[in-house]
Amino acid sequence: MSLDDWLARDAVTVARELIGARFLVDGVGGTIVETEAYDAGDPASHSFPGPTARNAAMFGPIGRAYVYRIYGAHWCFNIVCDRTKGGSAVLIRSLEPTDGLDHMRDRRGLTDPRALCSGPGKLCQALAIDKALDHAPLDRPPFTLQPRPPARDLAIGPRIGITKGADTPWRFGLRGSPFLSRRFP
DNA sequence: GGTATGATTGACT
DNA sequence: GTCAATCATACCA
């Protein structure tokens, strides 16, 4: 099964199954421990109002990166999936660092491994993800994305930092991981 | 042209 | 727990 086929499912399914996957940029990264689904037709999704210059990647091919700047200061990294409805993606919120820890420490100016990738903005800084990777395909360098068998103990809760759709439980995480951006309810 | 807002983080009480 | 920084983006005139 190709990566694109694996990603060609609805955002909630992909978000659940990405927990435990291996994700690297230029050999730096680790295991995904927290994601959020943003589905087409979801008021919280950037794709909800329709295509714009910023969210164009969400309306493009499956298996590409959607990278955007938030609060004028941080990057957020998403994986574009399910195109049947146009505009679905999964936000990668945190990683358990396993590869290239020295690069991450240099970029983040920190040493505590729990603080390197425990949030969408932190993870992008640690992995040097920015606008240049918007639209980039995930099945080739600099990316490595390897799905793994689904995590056994999945935590589920409402998504973080949004005002619309705030009750929809589309945040997924590896229960008990010390590398989450926040605890689950 | 102007203005409102945010899928966050880090510092502080 | 609370709060402000900070600017690209989106939208309106």
Query - Main-chain N/O of R159(A) paired with R171(A) side-chain donor or acceptor, under 3.5 Å - result: no
Report task. Provide the full list of salt bridge (Lys or Arg N to Asp or Glu O under 4.0 Å) pairs with a residue in residues 117-137 of chain A, sequence neighbours left out, each pair given once. Result -> K131(A)-D134(A)
Query raised in the report: Which residues pass the salt bridge (charged side-chain N to carboxylate O under 4.0 Å, His left out) test with R54(A), sequence neighbours left out?
Result: none
Query raised in the report: Closest approach of L7(A) and C81(A), non-hydrogen atoms and distance?
Result: O-CB, 2.9 Å
Requested in this report: Pull out every residue in residues 87-111 of chain A that has a heavy atom closer than 4.0 Å to any atom of DNA chain B, ordered by number, or say none.
Outcome: L91(A), R93(A), R108(A)
Query raised in the report: Where is the tightest heavy-atom contact between L101(A) and L116(A), given as atom of each residue plus distance?
Result: CD1-CD1, 3.6 Å
Query - Test side-chain hydrogen bond (donor to acceptor under 3.5 Å, both in side chains) applied to R105(A) - qualifying residues, sequence neighbours left out - result: D102(A)
Report task. Kindly give the heavy-atom pair with the smallest separation between L174(A) and A151(A), and that separation in Å. Result -> CD1-CB, 3.6 Å
Report summary line: In 5'-to-3' order, the base (B), backbone-only (S) or no-contact (-) status of each nucleotide in nucleotides 7-13 of chain C, using a 4.0 angstrom heavy-atom cut-off, is B-SS---
**Report entry** DNA chain B contacts made by residues 165-183 of chain A, counting heavy atoms under 4.0 Å
**Finding:** none
Could you pull out every donor-acceptor pair under 3.5 Å between side chains of residues 140-149 of chain A and any protein atom, sequence neighbours left out?
| from | atom 1 | to | atom 2 | distance (Å) |
| --- | --- | --- | --- | --- |
| Q146(A) | OE1 | R22(A) | NE | 3.4 |
| R148(A) | NH1 | G20(A) | O | 3.4 |
| R148(A) | NH1 | T31(A) | OG1 | 3.4 |

Query raised in the report: Which residues pass the side-chain hydrogen bond (donor to acceptor under 3.5 Å, both in side chains) test with R108(A), sequence neighbours left out?
Result: Q125(A)
Requested in this report: Output yes when a side-chain donor or acceptor of E96(A) lies under 3.5 Å from a complementary backbone atom of S177(A), and no otherwise.
Outcome: no
Requested in this report: Could you tell me whether the side chain of I92(A) reaches within less than 4.5 Å of the side chain of T35(A), counting heavy atoms only?
Outcome: yes
Requested in this report: Give the first and the last nucleotide of DNA chain B, reading 5' to 3', that has any atom under 4.0 Å from a heavy atom of chain A.
Outcome: dG6(B) to dG10(B)
Requested in this report: Please list, by residue number, the residues of residues 114-128 of chain A whose heavy atoms come closer than 4.0 Å to an atom of DNA chain B; answer none if no residue qualifies.
Outcome: G119(A), P120(A), G121(A), K122(A)
Query raised in the report: Heavy-atom count around R16(A) CZ within 6.0 Å, excluding the residue itself: above 12?
Result: no
Query raised in the report: For the side chain of S45(A) and the backbone of S47(A), is there at least one donor-acceptor N/O pair under 3.5 Å apart?
Result: yes
Query raised in the report: For DNA chain C, which ranges pair as stems of 3 or more consecutive Watson-Crick or G-U pairs, with both donor-acceptor distances under 3.5 Å?
Result: B:1-6 with C:7-12, B:8-12 with C:1-5
Requested in this report: Verify the cluster assignment for V14(A) and L91(A): are they in a single hydrophobic cluster under the rule of side-chain heavy atoms below 4.5 Å apart?
Outcome: no
Query - Co-membership, hydrophobic cluster, residues W170(A) and I19(A), 4.5 Å side-chain - result: yes
Distance-only donor-acceptor hits, side chain of residues 56-77 of chain A, under 3.5 Å, sequence neighbours excluded:
| from | atom 1 | to | atom 2 | distance (Å) |
| --- | --- | --- | --- | --- |
| R64(A) | NH1 | H135(A) | O | 3.1 |
| Y66(A) | OH | H46(A) | ND1 | 2.8 |
| R69(A) | NH2 | G72(A) | O | 3.4 |

Query raised in the report: Between D42(A) and F48(A), is there a donor-acceptor pair closer than 3.5 Å when you use the side chain of the first and the backbone of the second?
Result: no
